[in-house]
Amino acid sequence: MKHRQRVEHFRTDLLNWAEDNLRSFPWRDTTDPYEVLVAEILLQKTAAEKVAPIYIELLATYPSLNDLAEADRERLGDIIYSLGFQNQRSDALIKIGQELRDSGVPSEFQDLLELPYVGRYAANATLCFAYDEPQPIVDANVVRVYNRIFDKDFDYRDEDTWSFAAAVLPAEDARRFNLAILDFAAMVCHPKVPDCDKCFFTDSCHYYQANKTG
Ligand code: SF4
């Protein structure tokens, strides 16, 4: 199968898989830029299941950028303590509240990148999930899927990887595709032993074809 056909096949099959398999998290029910950005800051290096109850409590306590700007650092730190990096995250959240309370969350990539605790992934995720822009999101889990399927040796920090992910992303359905690949990586294409028996892509996956026995 040619590369382009394989990419199209993967896109279609992943979006079909998403119909019945996407996980439910509170930040997935909103397109409010503030709520999306807060989620991306809490989710960094932290399991989504752990973040969910903390996220709900944080937004109930600080429902707006202005509330966050006025937050007591100790109280905010107590709320997010169990996620780790509570001092860094608290400082970043309060600073974001102070910087953006008048202007709102920016919709430009470079402006988002200037915020504390916001890197390329968080900026693109905010653009995609809040502003419906077709921007790819790439982390170590997403890269693992691409490396296995397409026989690549990508690192999530490399420019090539982001270009590849941008080319695979369907412009019309970017939000659902991004959610789907995150969930597929977490639920099926696991880091150590992928659950290939549950996968829709065995026929075209390089890793599966190279490692199957019998
Ligand atoms: S066949 Fe296995 S290795 Fe390939 S994408 Fe599916 S789960 Fe991952």
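Residues: numbered from 1 along the sequence shown. As the structure lists them, so they are numbered: ligands from 1, and atoms in each ligand from 1.
- Residue, atom and distance of the protein heavy atom nearest to atom 2 (Fe) of ligand 1 are C196 SG, 2.3 Å.
- No donor-acceptor distance shorter than 3.5 angstrom exists from the side chain of R11 to the backbone of R6, with no hydrogens or angles considered.
- At least one donor-acceptor pair closer than 3.5 Å links the side chain of R89 to the backbone N or O of G84.
- Between R144 and D139 there is no salt bridge, since no side-chain N of the basic residue sits under 4.0 Å from a carboxylate O of the acidic one.
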(message) Set out, in order, the CA-CA distance, both residues' side-chain angles and the distance that settles side chain to side chain contact (heavy atoms under 4.5 Å, CB included) for Y146 and Y156, then state yes or no.
(response) CA-CA 10 Å; Y146 286 145; Y156 70 93; over 6 Å; no
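- Note on C205: not counted as a metal contact of atom 2 (Fe) of ligand 1, no N/O/S atom lying under 2.8 Å.
- Heavy atoms of V145 come nearer than 4.0 angstrom to ligand 1 in no pair at all.
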(message) If you apply the rule side chain to side chain contact (heavy atoms under 4.5 Å, CB included), what do you find for D151 with H3, and how did you get there?
(response) CA-CA 11 Å; D151 191 24; H3 175 71; over 6 Å; no
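- Protein heavy atom at the shortest distance from atom 8 (Fe) of ligand 1 is C189 SG, 2.4 Å.
- With a cut-off of 2.8 Å, atom 6 (Fe) of ligand 1 has an N, O or S atom of C199 in range.
- Atoms of ligand 1 found under 4.0 Å from any heavy atom of Y208 (numbered from 1 in listed order, with element): 1 (S).
- Among protein heavy atoms, atom 3 (S) of ligand 1 sits closest to Y207 CD2, 3.5 Å.
- With hydrogens and angles disregarded, no donor-acceptor distance shorter than 3.5 Å links the side chain of R175 to the backbone of C128.
- Of the protein's non-hydrogen atoms, the one nearest atom 5 (S) of ligand 1 is I149 CG1, 3.6 Å.
- Less than 4.0 angstrom separates some heavy atom of R148 from each of these atoms of ligand 1: 3 (S).
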(request) Would you check, one step at a time, whether the test side chain to side chain contact (heavy atoms under 4.5 Å, CB included) holds for N124 with W162? (result) CA-CA 11 Å; N124 272 10; W162 286 86; 3.4 Å; yes
